[in-house]
Amino acid sequence: MVSGPSGSGKSSLIAALLGRVDIDYSVSATTRLPRPGEINGRHYNFISLKNFREMIESDALLEWAEYNNHLYGTPEAPIVAATESGRSVLLEIELQGAKQVRKRRSDAVMIFIAPPSMDVLEGRLRSRGDTNDDDVIDRLEIAEAEMASAPEVFDHIVVNDEWEKAVDQLTSLITERL
Ligand code: 5GP
């Protein structure tokens with residue numbers, strides 16, 4: 001399970017990791033709209049609020065959380081199927097969801113990706129071009145809270161200051177447990 005503030009570079013690190021390691025990727029459900037280039041079924045399952053509520057009611061989610069006015073959740077069935085057949089699954093989720101996974105899956109390895117500093121994080125969010133100013137401010141506030149509670153929730157913290165080093169660290173933490 002990999003978590004970390006929006007803008008910490010965790011999605012790019014995970015993309016690099018998936019190119020190196022044979023692991024399934026958990027495609028989350030979300031009520032937010034796709035960003036340019038995002039593919040339904042690959043990056044997320046983009047669903048309506050009504051469908052999301054139905055998934056909650058039918059207990060189809062391992063965890064879910066509200067993040068920045070949208071709902072995000074991890075469908076449980078693919079994870080159970082994969083782990084029962086001996087495969088590992090990578091989850092990329094935010095802090096509230098991470099806490100739920102920590103309680104429900106004692107086999108989870110919990111990794112937090114931290115930016116080198118809050119200034120670097122802000123710079124990355126602002127230069128991304130797909131996030132408006134209000135969104136950047138909200139995401140920075142959430143990031144502060146996530147950074148503060150990371151040490152008590154996660155088993156490992158990877159600081160994304162040098163790209164190659166961070167990819168190597170993440171890869172070895174995960175391959176150790178496959
Ligand atoms: P974004 O909108 O930038 O794709 O994602 C916002 C945040 O939601 C990120 O921190 C991302 O890791 C998190 N997220 C993505 N999928 C899930 C999920 O299934 N559950 C939870 N709790 N968070 C998720």
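Computed from heavy atoms alone, side chains included, the values below leave out hydrogens, waters and symmetry copies. Order of listing sets the numbers, starting from 1, for every ligand and every atom in it.
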In the protein, what heavy atom is nearest to [atom], and what distance, to one decimal place, separates them?
atom                    : answer
atom 9 (C) of ligand 1  : Lys10 NZ, 3.7 Å
atom 3 (O) of ligand 1  : Arg35 NH2, 2.8 Å
atom 15 (C) of ligand 1 : Tyr44 OH, 3.2 Å
atom 20 (N) of ligand 1 : Glu63 OE2, 2.7 Å

Short N-O contact, [X] and [Y], less than 4.0 angstrom:
X      : Y      : value
Arg104 : Glu76  : yes
Glu38  : Arg32  : yes
Arg126 : Asp133 : yes
Asp135 : Arg128 : no
Lys10  : Glu146 : no
Arg102 : Asp155 : yes

Below 3.5 angstrom, do we get any N/O pair linking [X] and ligand 1?
X     : result
Glu94 : yes
Glu38 : no
Ser28 : yes
Gly73 : yes
Ser6  : no

Part of [X] within contact of ligand 1 (heavy atoms, under 4.0 Å):
X      : result
Tyr67  : side chain
Arg32  : side chain
Glu146 : neither

Connected to Ile39, directly or through other members, by ILVMFWY side-chain contacts below 4.5 Å are none

Sorted by chain and number, sequence neighbours left out, ring pair (Phe, Tyr, Trp, His ring centres under 6.0 Å) with Tyr25 holds for none

Please confirm whether [X] approaches ligand 1 to less than 4.0 Å, judged on its heavy atoms.
X      : result
Arg139 : yes
His43  : no
Gln96  : no
Gln100 : no

(Q) For the CZ atom on Arg53, are there more than 12 heavy atoms of other groups (residues, nucleotides or ligands in this structure) within a distance under 6.0 Å? (A) no

| request: Specify whether Phe112 and Phe154 have parallel, tilted or perpendicular ring planes, treating 30° as the upper limit for parallel and 60° as the lower limit for perpendicular. | output: tilted

Taking side chain as C-beta onward, heavy atoms only, is Met55 less than 4.5 Å from Trp64? no

Within 4.0 Å of some non-hydrogen atom of Ala65, the atoms of ligand 1 are 22 (N)

Note: ligand 1 atoms sitting under 4.0 Å from heavy atoms of Gly97 are 22 (N)

